[in-house]
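First the structure, in the form of structure tokens, and then the observations on it.
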Amino acid sequence: MTNIKACLFDLDGVIVDTAVYHFQAWRRLANELGFDFTEHQNEQLKGISRMESLELILNWGNVSLTEAEKVEWATRKNDWYLDLVKLMTPNEVLPGVAKFLTDLREAGIKIALGSASKNSKLILERIQMLDYFDAIIDGNNITKGKPDPQVFLMGAEATNALPSECVVFEDAVAGVQAAKAGGMKAIGVGSADVLTEADLVITTFEEMTLERLNF
Ligand code: BG6
Ligand code: MG
């Protein structure tokens, strides 16, 4: 038995590897503005909203733009990103995710999305995973981005769970921090060297079982 009532999932880099598409589109933006950035720097963009990401990138390139130009470039980046998203298929759901979500459903544990993305419903439709989710909280619902816990606290409320009854799955440092700030357990998906504040780190959901929710 578990006291966990809800599992809250980040989308990009957890359910599906859209993190690589974000990286490609942001790099194209940087390149068109005359500079480049590394995969290591890209780590800082994970979990961060579109406009905040743009600010960070412009800083790296020492580029200053007017507010109107920023909106134009962010829109351009999103269009490039969506061109990649439109090509996505259900085969891109990361290994073990569908099985684990099915196990959660069968165990009566609620499933919510907690993502900074404004494109989350479109992506879940493309990969045919909308039906798994009892609640979807994303960039369209929140006023404060990760590492603020708002997105996950809203997910807990939407699934009628207390923060202490929730487990968050996150690939981003800012996302793990958001979960911890909300009083939730955080399971990192990725590298233990990067996700040092997570309670547990898995490389893929193939390692994940209902039993491992209790720690
Ligand atoms: C997060 C990603 O899930 O969503 C970030 O990790 C991204 O890289 C953010 O910037 C916002 O996404 P979108 O799709 O609204 O631009
Ligand atoms: Mg992510």
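The basis for the numbers below is simple: all heavy atoms, side chains too, and nothing from hydrogens, waters or symmetry mates. First listed ligand is number 1; within each ligand, the first listed atom is number 1.
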Ligand 1 contact on Ser53 by region, counting heavy-atom pairs under 4.0 Å =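 Only the side chain of Ser53 comes within reach of ligand 1.
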Which residues pass the side chain to side chain contact (heavy atoms under 4.5 Å, CB included) test with Leu153, sequence neighbours left out?
->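 Result, side chain to side chain contact (heavy atoms under 4.5 Å, CB included) vs Leu153: Pro149, Pro163, Met184.
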Students should be able to answer this: which protein heavy-atom is nearest to [atom], and at what distance?
atom	value
atom 8 (O) of ligand 1	Leu45 O, 3.4 Å
atom 2 (C) of ligand 1	Asp12 OD2, 3.5 Å
atom 6 (O) of ligand 1	Gly47 N, 2.7 Å
atom 15 (O) of ligand 1	Lys118 N, 2.6 Å

Considering distance alone, does some N or O of [X] sit under 3.5 Å from an N or O of ligand 1?
X	result
Arg50	yes
Lys46	no
Ser117	yes

Measure across Phe133 and Met129 and return the closest heavy-atom pair with its distance rounded to 0.1 Å.
->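 So the minimum-distance heavy-atom pair works out to CD1-O, 3.4 Å.
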Specify the closest pair of heavy atoms between Asn42 and Trp60, including all atoms of both residues, with the distance to one decimal.
->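 Closest approach of Asn42 to Trp60: N-CH2, 4.5 Å.
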Neighbour count >12 (heavy atoms, 6.0 Å) for atom NZ, Lys110 =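 Atom NZ in Lys110 is not crowded, with 12 or fewer foreign heavy atoms closer than 6.0 Å.
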Just wondering, are more than 12 heavy atoms of other shown residues or ligands nearer than 6.0 Å to CD in Glu92?
->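 For Glu92, atom CD is crowded (more than 12 foreign heavy atoms under 6.0 Å).
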Answer yes if the side chains of Asp12 and Asn119 hold a donor-acceptor pair under 3.5 Å, and no otherwise.
->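 No.
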When you check the space around the Mg ion (ligand 2), which protein N, O or S atoms turn up under 2.8 Å?
->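 The answer is Asp10 OD2, Asp12 O, Asp171 OD1.
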Does the Asn141 side chain pair with the main chain of Asp138, one donor and one acceptor, at a distance under 3.5 Å?
->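 Yes; judged by distance alone, with no hydrogens or angles, the pair exists.
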Check the angle between the aromatic planes of Phe169 and Phe205 and answer parallel, tilted or perpendicular using the 30° and 60° thresholds.
->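 Taking Phe205 first and then Phe169, their aromatic rings sit tilted (interplane angle of 30° to 60°).
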Please confirm whether Ala172 comes under 4.0 Å of ligand 1, counting heavy atoms of the residue only.
->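 Flag not set, Ala172 not near ligand 1.
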Quick one: which of Leu11, Thr18, Leu82, Ile48 has a heavy atom closest to atom 9 (C) of ligand 1?
->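 The residue whose heavy atom sits nearest atom 9 (C) of ligand 1 is Ile48.
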Does a salt bridge link Glu55 with Lys70, judged by any charged N lying under 4.0 Å from a carboxylate O?
->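 Looking at Glu55 and Lys70, the cut-off is met.
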Residue list, ring-ring contact (aromatic ring centres under 6.0 Å, His included) with Tyr21, at least two apart or on another chain =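 Partners of Tyr21 by the ring-ring contact (aromatic ring centres under 6.0 Å, His included) criterion come out as none, since no residue qualifies.
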With clusters built from Ile, Leu, Val, Met, Phe, Trp and Tyr whose side-chain heavy atoms come within less than 4.5 Å, directly or transitively, what are the remaining members of the cluster of Leu87, listed by chain and number?
->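 Its cluster partners, ordered by chain and number, are none at all.
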